[in-house]
Amino acid sequence: MFEDVYRVDQLASAVEESAVEALDDLLGGRTPAGYKEFVTELGDGVCSGYVRVYPPARVLAEYESVQDRVQECFFWDDGSSVATRDDLVTAVIVADTLGGDEVFVHPDTDRILVLPREESGIYAFPNDLRTVLGWLLTSGTLTPALPQPPTFETAGRQSHRGFAGAPGLTQDAVAEAVAALAGGARRDDVADGDEVYIQQFLPVVGGYVFVSGEGEDLFATFSMVTSASTADVEAVTEALLGAGLVRST
């Protein structure tokens with residue numbers, strides 16, 4: 001079902017189907033369509049650097065405290081025609097975004113509700129995770145539309161190095177410096193309003209180089225899995241330094 005998702009790394013984090021069954025019991029059989037496939041095929045991680053679908057263990061561990069927080073801090077009054085504070089007493093969180101938006105299953109009405117961090121309205125969808133992921137990643141409503149097909153990066157298994165730019169240095173020059181190590185892998189060039197960046201994926205280290213800004217304001221992040229070989233990590237680092245970047249972190 002998620003065959004088109006680009007795997008940034010090949011680490012194993014898939015969830016057993018029995019864990020999904022425990023969550024389905026909590027939701028009264030209303031686990032979102034596509035949820036089981038997402039967590040059993042992909043696992044625990046970040047989709048397109050933006051959406052985190054919670055594995056069942058995290059949902060079961062956190063949903064009650066999240067319900068309490070939503071009741072205490074409710075401010076989505078402009079969404080009252082979609083769902084009220086009382087409606088959300090039984091809503092169960094199943095995902096969030098790195099921007100602070102939260103995604104809930106509402107088992108009483110068999111819907112998915114998105115509570116934005118920066119808006120006082122509420123968005124409602126059919127109980128289908130694929131529909132909500134598509135909207136979050138491509139609609140441009142809560143964040144600029146992200147490159148497709150989506151990517152997936154396993155949670156909690158990465159290290160990062162930061163690099164600062166120099167006068168005259170361009171994003172393209174940085175990406176080209178590591179292109180030989182990318183082995184023809186995917187490269188995203190994004191220009192969406194003020195969002196201009198390049199992300200060159202690097203399967204050899206299960207990561208990528210992300211570049212934004214230009215010249216002295218250029219900044220590059222090199223992400224790799226913690227299990228990547230030292231030789232491969234240093235080869236990418238040397239390529240970045242050779243392009244004129246300066247190690248900052």
Side-chain angles (χ1 to χ4, degrees), residues 1-15 32-55 58 94-99 101 103 128-162 171-172 174-192 195-212 219-229 232-233 235-237 239-240:
M1 178 176 292
F2 292 98
E3 296 86 356
D4 63 332
V5 173
Y6 182 88
R7 296 291 301 261
V8 178
D9 56 66
Q10 297 300 318
L11 300 177
S13 65
V15 171
Y35 175 87
K36 180 178 76 172
E37 291 80 4
F38 188 97
V39 298
T40 58
E41 293 174 19
L42 298 174
D44 181 10
V46 183
C47 196
S48 292
Y50 181 59
V51 181
R52 299 180 294 195
V53 176
Y54 289 14
R58 182 174 181 186
V94 293
D96 66 13
T97 74
L98 297 188
D101 316 295
V103 180
D128 188 324
L129 181 66
R130 296 160 297 188
T131 299
V132 177
L133 282 176
W135 179 79
L136 287 168
L137 299 176
T138 67
S139 72
T141 303
L142 301 180
T143 192
L146 296 166
Q148 295 298 303
T151 65
F152 180 83
E153 188 174 7
T154 305
R157 306 282 286 278
Q158 293 78 30
S159 295
H160 302 87
R161 293 181 177 182
Q171 292 184 23
D172 200 56
V174 174
E176 289 179 359
V178 297
L181 300 168
R186 170 173 165 173
R187 168 175 156 170
D188 291 336
D189 291 65
V190 178
D192 187 349
E195 287 284 329
V196 179
Y197 62 83
I198 293 174
Q199 189 168 19
Q200 174 64 68
F201 293 94
L202 298 166
V204 68
V205 293
Y208 54 82
V209 170
F210 180 94
V211 195
S212 61
F219 187 80
T221 299
F222 169 31
S223 174
M224 78 294 293
V225 294
T226 54
S227 56
S229 77
D232 289 333
V233 170
V236 175
T237 299
L240 294 171

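Position 1 is the first residue of the sequence; numbering continues from there.
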If the condition is side chain to side chain contact (heavy atoms under 4.5 Å, CB included), which residues does [X] pass it with, not counting sequence neighbours?
X      : answer
Ala175 : Arg187, Ile198
Ala33  : Asp128, Arg130
Pro32  : Leu27, Tyr35, Val105, Ile112, Asn127, Leu129

Taking every non-hydrogen atom, the tightest pair across [X] and [Y]:
X      : Y      : result
Ala182 : Gln200 : CB-NE2, 3.3 Å
Thr143 : Leu136 : CG2-O, 3.9 Å
Ser13  : Leu42  : OG-O, 3.2 Å
Asp9   : Gly206 : CB-O, 3.7 Å

Side chains of [X] and [Y], heavy atoms from C-beta outward: is any pair under 4.5 Å?
X      : Y      : result
Val209 : Val211 : yes
Phe152 : Val46  : no
Val196 : Val190 : no
Val39  : Asp44  : no
Val103 : Val132 : yes
Leu142 : Trp135 : yes
Val174 : Val178 : no

For [X], what residues pass the salt bridge (Lys or Arg N to Asp or Glu O under 4.0 Å) criterion, not counting sequence neighbours?
X      : answer
Arg157 : none
Arg7   : none
Arg52  : Asp96
Asp188 : Arg186

According to ring-ring contact (aromatic ring centres under 6.0 Å, His included), who are the partners of [X], at least two apart in sequence or on a separate chain?
X     : value
Tyr54 : none
Tyr50 : none
Tyr6  : Phe201

Check residues 220-229 and write down every donor-acceptor pair under 3.5 Å in which the side-chain atom is one partner and the other belongs to a residue at least two apart or another chain.
unit_1: Ser223; atom_1: OG; unit_2: Glu153; atom_2: OE2; d: 3.4
unit_1: Ser223; atom_1: OG; unit_2: His160; atom_2: NE2; d: 3.4
unit_1: Ser229; atom_1: OG; unit_2: Asp232; atom_2: N; d: 3.1
unit_1: Ser229; atom_1: OG; unit_2: Asp232; atom_2: OD2; d: 2.9

Taking [Y]'s backbone N and O only, do any of them form a donor-acceptor pair with [X]'s side chain (distance below 3.5 Å, no angle check)?
X      : Y      : value
Ser48  : Thr151 : yes
Glu41  : Phe2   : yes
Gln171 : Phe210 : no

Determine whether Asp189 and Tyr197 satisfy the following criterion, side chain to side chain contact (heavy atoms under 4.5 Å, CB included), listing intermediate values before the conclusion. CA-CA 6 Å; Asp189 291 65; Tyr197 62 83; over 6 Å; no

Would you sort out whether Cys47 and Leu137 count as a side chain to side chain contact (heavy atoms under 4.5 Å, CB included), showing the intermediate values? CA-CA 9 Å; Cys47 196; Leu137 299 176; 4.0 Å; yes

Thr141: partners by side-chain hydrogen bond (donor to acceptor under 3.5 Å, both in side chains), with sequence neighbours left out: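 Here the qualifying residues are Ser139.
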
Given Val233 and Arg161, is the side chain to side chain contact (heavy atoms under 4.5 Å, CB included) satisfied, shown in steps? CA-CA 10 Å; Val233 170; Arg161 293 181 177 182; 3.7 Å; yes

